Amino acid sequence: MQNYDPKKIEAKWQKFWEKNKTFEVTENPKKSAQGGSAAVGKFYSLIEFPYPSGEGLHVGHPRPFTAMDVIARKKRMEGFNVLYPIGFDAFGLPTENFAIKTGQPPAEVTKKNIANFTRQLKSLGYSFDWSRVVDTTDPKYFKWTQWFFLQFFKHGLAYKKNQPINWCPKDKIGLANEEVVQGKCERCGTAVEKRDKAQWMLAITKYADKLLDGLKEVDYITPARVQQENWIGKSEGAEVKFALSNVILSEAKDLSGERLDSSVSPQNDNSVKELTVFTTRPDTIFGVTFIAVSAELAKGWIDRGWKPEKKIIEYIETTLKERVATEDQDEKEKTGIAAGFNATNPVNNETVPVWITNYVMGGVGTGAIMGVPAHDERDYEFAKKYNLPIKEVVVGTNVQEKAFTETGEVVNSDFLNGLPTPEAKEKMIQWLEEKKIGHRKINYKLRDWVFSRQRYWGEPIPLVYCEACAGWIPVPESELPLKLPKVEKYQPTDTGESPLAAMTKWVNTTCPKCGGPARRETDTMPNWAGSSWYFLRYTDPHNDQEFASMEKLKYWMPVDWYNGGMEHTVLHLLYSRFWNEFLYDIGAVPTREPYKKRTSHGMILGPDGEKMSKSRGNVINPDEMVEKFGTDAFRTYIMFMGPFDQAVMWDTNGLVGVRRFLDRVWNLQEKLTGVGHVILSGAKDLRGESLDSSSTSRRTQNDKHTTLLHQTIKKVTRDIGSMAFNTAVAALMQLTNELAKEEKISTSDYQMLLKLLSPFAPHISEELWEKYGDGKTLAFSPWPTYDEALTKEATLTIAVQVNGKVRATIEVAADASEEAVKQKALTEENVLKWIAGKEPKKIIYVKNKLLSIVV
RNA sequence: GGGCAAGUGGCGGAAUUGGUAUACGCGCAUGGCUUAGGACCAUGUUCCGAAAGGAUUGAGGGUUCGAGUCCCUCCUUGCCCACCA
């Protein structure tokens, strides 16, 4: 027997899989390369496709990839027609920045990076269908990304809006709200500024309710579901109009197109006579003692002719500046300034002052709130600071000392008195609606999606602006893809325009509608665009007539199991669900929800327990590990290192241990009965047991050996299903250790071990299967089944407790009667000693587990 | 501040519905095999104690014959969100 030589074996099988197209699938399993018999069903397993960075594969990538590979391989053995595709999300800033630095065209850099990633991924033995690779930067792919954008546009869900955006002065790029982390650019950490810029928007907010509802019908891990719910942030309440005591504007101005419309009455004379607030607690409206408005809202008034005192203008300006720059929001104190006029509470005609404050956000609700210090903590804090009255309207704790925010009985509220909070809320909304001073309103935290970037390396937005037609005209679908022109410089211009803006030849075009002169949109799409539909393309990647045929979509969709990082559970998951639901509504895809099940993996940390990063010097290179220990050991270790959903530290010593395990599996060959024979289907081993690969051990006795085999099958099967890979590997180690103790091992037992091991360590398993298997490919051999009865041990060890402490253990036959166990226990010396002649008060028997005697 | 996880040997971590805490791996120790080994094999390894025995799952309390697991109070760490009215 030769020593285990992973390098040789792994190269051999990777070549074999590639040559035989082992993992390429079709919708008709009979025609597929390997699926000889009709499949029990389809299984679409998906991982988040990687961004092909210049650094190559990071050791973090293999964790989800290997996990889904294990699941996909097991599903194949269980008879499913398994699609496990791979692709590259290749548009993006790092490549563009690299191009800016070196002058190399991003397309070429991307090509090189993808080649390197492909080599690395292939060396890890993943069972990807390599015939379906997608690349988001391929014009054949982004043709459809652009097509989808046009569908959004045609259905009124894409619109251009001139609004303040988050602007990163370093990257010279507009950022979505979600790309701003604590006032800083998510990518480079530079403080973000506000800047006005016309941006393409996607109206994801129109899908807020659908996105929320859809979560009920899918199986997402709880944190993923909760995060999506929180991000959408639905709150139910009411909008209420408060009349203002004096008209604050005087000059007539053009009001069109501003977001402030919703909070200002549409008066011809442009005066602001009333103010709309949003509240989730209309039941507390009798407790209003002030009105708080955001600095953004007040700024809008000034823009439209309000002339307040100088200190008010100064306050507004400072607050707006702070809004973006603030780092430690923890210590941010609430501030405010009286606006100098009052509002009238419509329910009781009380006059309350209007304050401009820093704790009300311009972009939330109407940008104005009613201050109820007795029942809202923030209002309370503010009222205390500025000595505003606190009026109790819900019975609870002393509201002069602390805001009472829970539900209770309403008081001091006229017709609401005596009602519990929820009923008061309903009654008040109805009353407001009757009197036409307010109405029920559902509010969302979710904002529309800023969909344009002033960048080169992204999908061009396929629209032209025509003066004659006075608007944005779509590029005809027949002219897609609209390719990126070759440019000299990839750097965005100082004005913030995309590098494409400098390409006058490309920009100046003709209007598809009237034929007159027109200008192309020079913004490109964000990173998220290509990844919002890639799972659809995998089902039909070479289709040049449609993004995917309905027939293929119907076969493969929805994705059965999608695993990805927690960092993508909010944005990518929400965006791609939005696209899919929109496509479902226009009849382009067959399922409303794209993903049936979503799980997440934890991060792999460096050996020092810190996040891996170049600057810390704690980065582990997968290539190096594979070179040293072999792919199978690497894969198996990744699965063994800890609970899949938790962060784990890298420890190369642990990898050594797994390699030892594989060596042991390899060495078991020596103990095999009938070594050297290729065992064919229908053959029997030396014990006369069938070696039919679909059977497991045929022995029916509950001997220790058989029990362990069946227990292992059960445990590994179940653990893979629940992503408890670490304990599945542990069970395989345990079985291997037990088999190593025996003098001879039956070939059927060995076959079973190889099958269970193969999803984790496919190369060594195939190699050994070639020698000791049934002559077919292990990858499609039936997964072992177990007999529940045979997982039970024949004799059991029962713990005997006296007063809660284990004093003895006794061996009894399985399912022994309580009486028999009791009698045996009461003959144990140590048990008698602790009972010390006393009469047992109580004896509790837990079947097959323990006997508890209380004296 | 809010939400969600999680705290178990020297280390990574196991432990169906409450039922023998510490599986599996690392490390360490002793022995074997070897010219040698950082290779391999065997045995041992939660802590205290010579032993009998006792203690032990972040801290404290509770329910129970019995709690790592359930309940209450508190502490710590990680992740996500952050004045959402």
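Residue numbers begin at 1 in each chain, while the letters A, B, ... track the order of the sequences. Since this is a predicted model, take the numbers as computed values, not measurements.
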(message) More than 12 heavy atoms of other residues, nucleotides or ligands under 6.0 Å from NZ of A/Lys385: yes or no?
(response) yes

(request) Please round to the nearest 0.5 Å and tell me the distance separating atom OG1 of A/Thr712 and atom CG of A/Leu756. (result) 7.5 Å

(message) Rounding to an integer number of Å, can you tell me how far A/His601 NE2 sits from B/G78 C1'?
(response) 16 Å

(request) Please state how far atom CD1 in A/Ile356 lies from atom P in B/C83, giving the value in whole angstrom units. (result) 20 Å

(request) Name all pairs fulfilling the side-chain hydrogen bond (donor to acceptor under 3.5 Å, both in side chains) condition that reach into residues 598-607 of chain A, sequence neighbours left out, sorted by first residue then second. (result) A/Glu48-A/Arg598, A/Trp561-A/Thr599, A/Asn563-A/Thr599, A/Asn563-A/His601

Show the atom names and distances, to 0.1 Å, of all donor-acceptor pairs under 3.5 Å that link a side chain in residues 726-740 of chain A to residues at least two apart or in another chain.
from: A/Thr727; atom 1: OG1; to: A/Asp719; atom 2: OD2; distance (Å): 2.7
from: A/Thr727; atom 1: OG1; to: A/Ala724; atom 2: O; distance (Å): 3.0
from: A/Thr736; atom 1: OG1; to: A/Leu732; atom 2: O; distance (Å): 2.7
from: A/Asn737; atom 1: OD1; to: A/Arg664; atom 2: NH1; distance (Å): 2.6
from: A/Asn737; atom 1: ND2; to: A/Met733; atom 2: O; distance (Å): 3.4
from: A/Glu738; atom 1: OE2; to: A/Lys741; atom 2: NZ; distance (Å): 3.4

(message) If the cut-off is 4.0 Å, is A/Lys842 near the phosphate of B/C65, judged by side-chain N/O to OP1 or OP2?
(response) yes

(request) Indicate for each nucleotide in nucleotides 20-26 of chain B, in 5' to 3' sequence, whether protein heavy atoms under 4.0 Å reach the base (B), only the sugar-phosphate (S), or nothing (-). (result) B--BBSS

(message) Please report the distance separating the P of B/A51 from the corresponding atom of B/C41, rounded so that it comes out in whole Å.
(response) 31 Å

(request) Kindly determine whether A/Thr289 and A/Ile390 satisfy side-chain contact (heavy atoms from CB on, under 4.5 Å), including the steps that lead there. (result) CA-CA 7 Å; A/Thr289 58; A/Ile390 297 167; over 6 Å; no

(request) Find the distance A/Tyr380:OH to B/C83:C1' and express it as a whole number of Å. (result) 17 Å

(request) Classify the ring geometry between A/Phe290 and A/Phe382 as parallel (under 30°), tilted (30 to 60°) or perpendicular (over 60°). (result) tilted

(message) What's the gap between B/C24 and B/G58 when it is taken at their C1' atoms, as a whole Å value?
(response) 25 Å

(request) Kindly express the pairing pattern of RNA chain B in dot-bracket notation, using | wherever a base pairs with another strand and counting only Watson-Crick or G-U pairs under 3.5 Å. (result) (((((((..(((......[....)))((((((.......))))))(((....)))..(((((..]....))))))))))))....

(request) Measure the distance from CG on A/Asp283 to P on B/A85 and round it to the nearest whole Å. (result) 13 Å

(request) May I have the distance from A/Glu236 (atom CD) to B/A85 (atom P), rounded to whole angstrom? (result) 12 Å

(request) Please state the C1' separation for the pair B/U45 and B/G37 - nearest whole angstrom. (result) 24 Å

(request) For A/Ile844 and for A/Lys741, find the nucleotide of RNA chain B with the closest heavy atom, then tell me which residue's nucleotide is more 5'. (result) A/Lys741

(message) When the C1' atoms of B/C47 and B/U56 are compared, how many Å lie between them, rounded to an integer?
(response) 7 Å

(request) For each nucleotide in nucleotides 49-55 of chain B, reading 5' to 3', give B when a protein heavy atom comes within less than 4.0 Å of its base, S when such contact involves only the sugar-phosphate, and - otherwise. (result) ----SSS

(request) Rounded off to whole Å, could you give me the CZ-to-C1' distance for the A/Phe644 and B/A5 pair? (result) 16 Å

(message) Say we look at B/U69 and B/G44: how far apart would their P atoms be, to the nearest angstrom?
(response) 31 Å

(request) Over 60° means perpendicular and under 30° means parallel, so classify the ring planes of A/Tyr386 and A/Trp355, tilted if in between. (result) tilted

(message) What's the gap between B/G68 and B/U63 when it is taken at their P atoms, as a whole Å value?
(response) 16 Å

(request) Measure from the side-chain heavy atoms of A/Val360 and tell me the nearest of B/C81, B/G13, B/A85. (result) B/A85

(request) Please measure how far the C1' atom in B/C4 lies from the corresponding atom in B/G9, and state the result in whole Å. (result) 29 Å

(message) Taking the minimum atom-to-atom distance to the side chain of A/Ser852, which one of B/G12, B/G19, B/A14 wins?
(response) B/G19

(message) Distance to the ring centre below 6.0 angstrom and angle to the axis at most 45 degrees; does that hold for A/Lys334 and A/Tyr359?
(response) yes

(message) For A/Arg718 and A/Asp379, find the nucleotide of RNA chain B closest to each by heavy atoms; which residue's nucleotide sits nearer the 5' end?
(response) A/Arg718

(request) Please test A/Phe286 against A/Leu416 for side-chain contact (heavy atoms from CB on, under 4.5 Å), starting from the C-alpha separation and ending with a verdict. (result) CA-CA 9 Å; A/Phe286 284 93; A/Leu416 296 181; 4.0 Å; yes

(message) Quick check: A/Phe725 with A/Phe644 (ring centres under 6.0 Å apart)?
(response) yes

(message) Assess the residue pair A/Val399 and A/Lys391 against the criterion (side-chain contact (heavy atoms from CB on, under 4.5 Å)); give the C-alpha distance rounded to whole Å, side-chain angles, the decisive distance to 0.1 Å, and a yes or no.
(response) CA-CA 8 Å; A/Val399 296; A/Lys391 189 181 161 196; over 6 Å; no

(message) Work out how far the P atom of B/U30 is from that of B/G38, and round it to whole angstrom.
(response) 13 Å

(request) Starting from P on B/A85, measure out to CH2 on A/Trp355 and report it in whole angstrom. (result) 23 Å

(request) Quick one: which residue pairs count as a side-chain hydrogen bond (donor to acceptor under 3.5 Å, both in side chains) with a foot in residues 633-643 of chain A, not counting sequence neighbours? (result) A/Asp69-A/Arg635

(message) For B/G9, does the O4'-C1'-N9-C4 or O4'-C1'-N1-C2 angle fall within 90° of 0, making it syn, or is it anti?
(response) syn

(request) Rounded off to whole Å, could you give me the CD-to-C1' distance for the A/Gln646 and B/C80 pair? (result) 16 Å

(request) Apply salt bridge (Lys or Arg N to Asp or Glu O under 4.0 Å) to A/Asp5 and A/Lys7, showing your working. (result) CA-CA 6 Å; A/Asp5 179 4; A/Lys7 230 180 260 175; over 6 Å; no

